[in-house]
2 protein chains.
Amino acid sequence: MSQHRHPGAPGRAGAVPALPDLPEATVARLPEYLRALHNLAETGHETVSSEGLANAAGVNSAKLRKDLSQLGSYGTRGVGYDVGLLIDQIEYVLGLTQRRAVALVGVGNLGHALAGYDGFASRGFRIAALLDADQERVGEEINGLVVQHIDELPRVAAEESIAIGVIATPAAAAQRVADQLVAVGVTSILNFAPCVLSVPEGVDVRKVDLAIELQILSFHEHRKASLTALPAAGGSALTALPGGLAVTESQEAIGT
Amino acid sequence: MSQHRHPGAPGRAGAVPALPDLPEATVARLPEYLRALHNLAETGHETVSSEGLANAAGVNSAKLRKDLSQLGSYGTRGVGYDVGLLIDQIEYVLGLTQRRAVALVGVGNLGHALAGYDGFASRGFRIAALLDADQERVGEEINGLVVQHIDELPRVAAEESIAIGVIATPAAAAQRVADQLVAVGVTSILNFAPCVLSVPEGVDVRKVDLAIELQILSFHEHRKASLTALPAAGGSALTALPGGLAVTESQEAIGT
DNA sequence: TAGATTGTTAATCGATTAACAATC
DNA sequence: TAGATTGTTAATCGATTAACAATC
């Protein structure tokens, strides 16, 4: 093409950052590529081929090249991709050049663990506030943060510029918390409560439901069992497992 | 694997349980329908229309009818679906008529929370064993279960008929744990470690990565910000949020 | 019968993939 | 130049959706 444009890439001042409107499936895979690239960087790799990165991320190489081509043209034919450049580019697109502040609501069993999860800090986020509706829990200190009452949310949101709300309350409380988050201007919510949330247009909600993941696996267990239970039907069942290793496609399925 | 008979689907006594090969997108939504149906049953509803159930599950009604039609024909035209019958049918298809035993490996921060998560027990699963490679943690009691050393896995798997393995170890340990699970015959794995696992064909892996969920939200935050940063472009931006509520489509996206 | 709602069709949309020309 | 690998094309596959005939 004419030249390598870095649309609003790090270092570009002035121009409006024209963020490409990526397919959702691509967006969901970029973080996986990013993680693989960080691993490669740590082990001293300066370039990587689409084949190599695809293996590290558990996808096929055509899909990887297609995904990366949506960001622009950052590879070199005959050589591969520059690991550092690609990290910068993906981090830029994902909006990770700023460390976003997260408010975690609900400091029960799961919320407690999330508050202590260092994977958030190491991958671009800062847990800026812990909130709970239970006065019993207010004042408790977890990982250097003091739990505050949910009614403090308006003040906290303003002070900390909360960008993302994480809901780890029981299902019965989740909608009310979502409403409160929306009311203070939060437009991105990660919901761990097993319920559907209603939010206005323009607010993004992602849901993680641990029991649902197990139920999906249960279906496949059930299905595999029903196949091996048909011995008369002959050859084509899954009974004989080949010894070779392969990355199962289902590993990509989450978060899509 | 085929140690005992599946209770036949309602209405199909005697016949081989011919489990339909459902589209993955449908499988991923069935647990959400099931949860919504349980809510309806608890609030005294005996029947529900596709419109009503679709609202409760956060999907559109055409999709819901299409999904349910894959299971067979369990609705009544002009009336709707029988809540109890549909619960039985979905639970059968998902293999939830037996309570599956789960082994949880890695009892650190997150694993601790998972061990105490009552959503597993209430939705068809039994945490049958807690395992860890760290001798310091062996012997600790969590929620009535004593943490055992990972080397006990072969014995535990045989004694408890483990159907699903949950990996909540650091990334560096996850592949080795997966190999150990596969070696004792586990064919379904839920992986919370931020890494790709290699497993033989026939083994299903699902991955939950909390930081990836935040990074996907971060992309959308970044994108929304880049849109509102274009004031000259006039009318069509997302700045003016309509007051009406709507269930965002992105809520369905996980686990697909 | 009249009204309601399912189950199915068919059009459309989006995602995946193999293949290969472009090009380093 | 010869070999390697990207970026793109086009075919295919799977998922979504509106519309409506079937039917309770």
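Only this structure's heavy atoms are used, side chains among them; waters, hydrogens and symmetry mates stay out. First the proteins, then the strands, lettered A, B, ... as listed; each starts at 1. Just so we're clear, the structure is a prediction, and the values are computed from it rather than from any experiment.
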Counting only N and O atoms by type, is there a donor-acceptor contact under 3.5 Å from the side chain of [X] to the main-chain atoms of [Y]?
{"X": "B/Q215", "Y": "A/G124", "value": "no"}
{"X": "A/R100", "Y": "A/G95", "value": "yes"}
{"X": "A/H220", "Y": "B/V205", "value": "no"}

Can you see if the side chain of [X] gets near the phosphate of [N] - specifically, an N or O under 4.0 Å from OP1 or OP2?
{"X": "A/R65", "N": "D/dT9", "answer": "no"}
{"X": "A/T76", "N": "D/dT6", "answer": "no"}
{"X": "A/Y81", "N": "D/dA4", "answer": "no"}

Quick one: which of [options] gets closest to the side chain of [X]?
{"X": "A/A25", "options": "C/dG7, C/dT16, D/dT17", "answer": "C/dT16"}
{"X": "B/N60", "options": "D/dA18, C/dT17, C/dT9", "answer": "D/dA18"}
{"X": "B/S49", "options": "D/dA15, C/dT6, D/dT6", "answer": "C/dT6"}

Should the heavy atoms of other residues, nucleotides or ligands under 6.0 Å from CZ of B/R99 be counted, would the total exceed 12?
yes
Residues in side-chain hydrogen bond (donor to acceptor under 3.5 Å, both in side chains) contact with B/S49, at least two apart in sequence or another chain:
none
Residues which pass side-chain hydrogen bond (donor to acceptor under 3.5 Å, both in side chains) with B/S188, listed by chain and number, not counting sequence neighbours:
A/E221
Closest nucleotide of DNA chain C for A/P23 versus for A/G78: which of these residues is on the 5' side?
A/P23
5' precedence on DNA chain C between B/S69 and B/V79 (nearest-nucleotide basis):
B/V79
Calculate the interatomic distance between [X] atom [atom1] and [N] atom [atom2]; express it in whole Å.
{"X": "A/K63", "N": "D/dT6", "atom1": "NZ", "atom2": "P", "result": "17 Å"}
{"X": "A/L22", "N": "C/dG14", "atom1": "CG", "atom2": "C1'", "result": "14 Å"}
{"X": "A/Q70", "N": "D/dG7", "atom1": "CD", "atom2": "C1'", "result": "11 Å"}
{"X": "A/L68", "N": "C/dT17", "atom1": "CG", "atom2": "P", "result": "15 Å"}
{"X": "A/L53", "N": "D/dT6", "atom1": "CG", "atom2": "C1'", "result": "13 Å"}
{"X": "A/D82", "N": "D/dT6", "atom1": "CG", "atom2": "P", "result": "13 Å"}
{"X": "A/Y33", "N": "D/dT6", "atom1": "OH", "atom2": "P", "result": "13 Å"}
{"X": "A/D67", "N": "D/dG7", "atom1": "CG", "atom2": "P", "result": "12 Å"}

Pull out every stem in DNA chain D, meaning runs of 3 or more consecutive Watson-Crick or G-U wobble pairs with both distances under 3.5 Å.
C:3-24 with D:3-24
Once hydrogens and angles are ignored, does a donor-acceptor distance under 3.5 Å link the base of D/dT6 to the side chain of A/R77?
yes
Where B/V203 and A/K224 come nearest, the two heavy atoms and their spacing:
CA-NZ, 4.2 Å
